[in-house]
Every structure is written in C-alpha cells, then in structure tokens.
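Report on the following structure.
Keep in mind it's a predicted model, so treat the numbers as computed, not measured. Whatever order the structure lists ligands and atoms in, that order sets their numbers, starting from 1.
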Amino acid sequence: MPSDHLPEAGRPAAGLLTELARLREGDLPVRGGQVTAYVYDTGREAVHDLAATAYLEMLEVNCLDPTAFPSIVALERQVVGFAADRLGGGSGVFSSGGTESIMLAVKAARDARPVEGRPQIVLPTTAHPAFHKAAHYLGMEVVHVPVDDAFRADPAAIEAALTPRTVLVVVSAPSYPHGVMDPIPEVASLAFSAGVLCHVDACVGGWVLPWLRENGRDVPPFDLSVPGVTSLSCDLHKYGYSPKGASVVLFADESLRRHAYFASAEWPGYTVINAGVQSSKSAGPLGAAWATLMAIGAQGYRDLAENAMKAAERLRAGVAGIPGLRVLGDPVAPLVAVASDDPELDVFVLADEARARGWFFQPQLSYQGIPPNLHFTLTGVSDVGALLAALADAAKAARAAGPPDVPSDLVDALAGLDLDSLDDAGFAGLLASVGVDLAGGGEPEMAVVNAILDALPPATREALLIRFLSALYA
Ligand SMILES: *Cc1c(COP(=O)(O)O)cnc(C)c1O
C-alpha cells in the first residue's frame, strides 16, 4: 500500500523503476496509434529514443538564466527560426505548450495597445479553451462569436463584435474539434482595418499544414505571411512529434514579442527576466524538440504529414460507409470529428465499446448546437484499416446497447446542486452513486458521465469537473 510518508531511508533504484512501470500499466499506450488524441507517434523508434537521450542531456540545465547556460539560446534560436522559416517569418519564443504560447500572445496583445476599460478578446465558438484561460488569468473579457454551418469562424460576426476595447481577434488553423480552417485572410484583414491584432492558433496545424502544402496539397493561406496576422502559435509536441513541453509562439514584429516578456527588479534577490510564464524550467523539452526536428528533417515531416492526411481521408471515406455515422465539416488537417445521425447510436457508448476493444476515441460534448461527437487525431502511424474495423464494430455494439440511461431528475439535481456544501469526500460519494469509482481500476464506463455532462450547461459542466479533479487528487 502506498503510504503518506516519505520513506525514512532512500529506496533502491530497481524497485522504484519497477513501481513506475507497474503504475504505467493502467495508462493508455503512448505509441501505436490506438489512442487517437493526446499522443503523437512517428512510428520511428529511433527518433523517439534520440529525443529521450537529448532530453536527458539537457535535463538539468535551467532556462532561468540564458547567460549562465548559453546552449539554450543557441537551441531556441534554431528551433524558433525553423518555425518562422516555414510559417511566414516573425520572431518568437519557445514555450512549454500551446497554452503557454497562447497566454504569451494574449498578454502581448493586452500590453501592446492598452485600451480604456477591461480589454476584450474576440473568440469564435471553436477557439481553444486556452484563450478563455488566458483571458481569465489576464483579467480580460471574452466576446463570443458563433461559427457558420461548416464550423468556420464568421468574419461578419467577428467584425460586428469589435469594440473600442477589443485588443485581439483569434482564428484557428485549423480548429482542434473539427480540423476545419477559419477564413484567416478575411478576418486578419478586417482586424487590420480596425487597428486590432490578430492571432492565428496553429497549435495543432502549424507543423503539419506547411508540409501538406509542400506536398502539393491545397492549403489556404494561414500564417504570418497573411497581411494582418500579428502572432501565431505552433505546438512542436503535436505534429512536430517532440516530447511534451514544446511549442513556439511567433510575433510579426519584435516589439510585440517584447510585450510577451516580463521583468521584475522589485526584490533584493536576482533580477527576474522571463520570456515565458515559467521561471526555472528544465531545458529538456527544448533539447528534445531540437533533436527531433533535426532528426526528422523537412522530408521526414512531409512524409509523416502525408501519411497522417491520407489516414484522415481514408477515415472520412470509411465513416461514410458506416450506417449512422458522419464526419462534421471539411477538415484540412488530419483531425476528424465523427457524429451520429441515429438516436439509437450514441457516440459516448461507442467510445466505451471502442475502449473495451483497445482503442481510445476522444469524446467531444455538444456545444452551441454542434452535436456530441468523437475526435480523431491521425498521425504518422495510424492504421486506418484497423481503426475503421474497430469503429464499425463498436458502432454496431453501441447501437445494440442503445443510448445510456440518464435519469432526468439526476440531471436536474446536479444542475441545482449546491456544490459548496459538499467536500471532496461528499462529492466522491455522489459520483459513486452514479457508478464512477475514483479509486480507478478497470475500464471506466464513461458513457453515463458524458451523457450527464452533455445534458448540462457549460458553466455547470465546468463546476462539476473542477470538483471531479479536486476529488480525484484528494
Ligand atoms: C492543443 C491545442 C492547444 C493547447 O495546447 P496545449 O499544448 O495542450 O497547451 C491550443 N489550440 C489548439 C488548436 C490545440 O490543438
């Protein structure tokens, strides 16, 4: 049994590593392509091994002080330079991930052109929650705008949402949920005319779209070469296939980049000057990202992008042949969202059936009229034949099982629940009553949980999920 006390005497390495390996047995596999979200596998063992070695080489170097560790300046200049070279130029910052890149872009926009009153950021429905997080952390207001029938940002709606307090409009290349491309030139141009900055969220697309275009595919303009685009985020820990902790945010001009920085000399210790949110941080992710980029090379990325996109196209074609399922929108990158047209075929039940067959398909809840669906991020190793077979089989089983039984009085009770009156243990008890065991183990039956969340408004979903996380770690 795990104990709450640190061992008095240090334990030998072998036993600890065995314990880590045992804990990992409950995790989803990070290689092999059966998990269609979260993880990115090239299928090239040597690349991932090299990344791990490079990570270790840089592990204990502290990015806090680039004058003490000039290796990080040399590596970051190269990595950011490679990204700028493929994404329309600019100067940038290497960050820990999409969220940090977005936080920096939003901070830069807020500070570059101060407005009277609370600054606003205009977000299409499909923009990533990292922008909501940035607005929340940075004291800004989100102005929501709807997307069109094809899940694309609507330039007219964005234009109508601009006010004297708008500091940033956001478009995605592509959006994560459906893989569709926003009309970036139109939005960037209207933002420019209004004197407002425009961020392109290419977190997921930034390191796959350029290669698809170089392969001769038709990729609409999206990067910093588009007039009016002032910043862009691109995650290397997605289609760059680097280990987690690797993203780049690019700014069209260097003075905007400097507004992302932070300095403080207001204490008697060392002077703090940071390009990113973190101060002390390992150079491991930077070393690993650099090594991964160099080892794969441009031709390697073109090949990986092509494999992933072909997989996405085969998935789309295959889904058309599975009764009751359809693809949402017109994805330009290897991201596919699959919804159900058949009330008897519930996508959340389908996801549980797939999980029981060794596959993880990521559930996406309904939002603003967009139906619940399953998200697939295809990568260099996706075996679409096997994926489609699992999808068809799970769909058949899900239809036979029928939709989950969600008592409407339970949904009402949750919607009206005074969460503040419950502590973590009380909340865990409540979860147990709907069949969710926080102690884990086994295959979780998520369909009921997803169906309940799906029936609740976003604010209630958020409140419940915060309590879930708190109870999970209690
Ligand atoms: C993944 C993603 C993000 C956030 O990235 P993290 O690395 O998870 O912080 C933002 N935008 C889009 C479009 C993404 O796909």
Can you list, by chain and residue number, every protein residue with a non-hydrogen atom closer than 4.0 Å to ligand 1?
Gly97, Gly98, Thr99, Ile102, His128, Tyr176, Asp201, Cys203, Val204, Asp235, His237, Lys238
Do His199 and Phe131 have their ring centres less than 6.0 Å from each other?
yes
Mind checking ring-ring contact (aromatic ring centres under 6.0 Å, His included) for Tyr367 and listing every partner two or more places apart, or none if nothing turns up?
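Listed in chain order: nothing, the list is empty.
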Looking at residues at least two apart in the chain, or sitting in another chain, which of them share a ring-ring contact (aromatic ring centres under 6.0 Å, His included) with His132?
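If we apply the ring-ring contact (aromatic ring centres under 6.0 Å, His included) test to His132, skipping adjacent residues, the hits are His144.
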State which residues pass side chain to side chain donor-acceptor pair (under 3.5 Å) with Arg113; sequence neighbours excluded, sorted by chain then number.
none
Do Asn62 and Ser280 have side-chain atoms, one donor and one acceptor, less than 3.5 Å apart?
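Yes, side-chain donor-acceptor contact under 3.5 Å.
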Fit a plane to each ring of Tyr40 and Tyr241, take the angle between them on a 0 to 90° scale, and name the class: parallel (under 30°), tilted (30 to 60°) or perpendicular (over 60°).
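Perpendicular.
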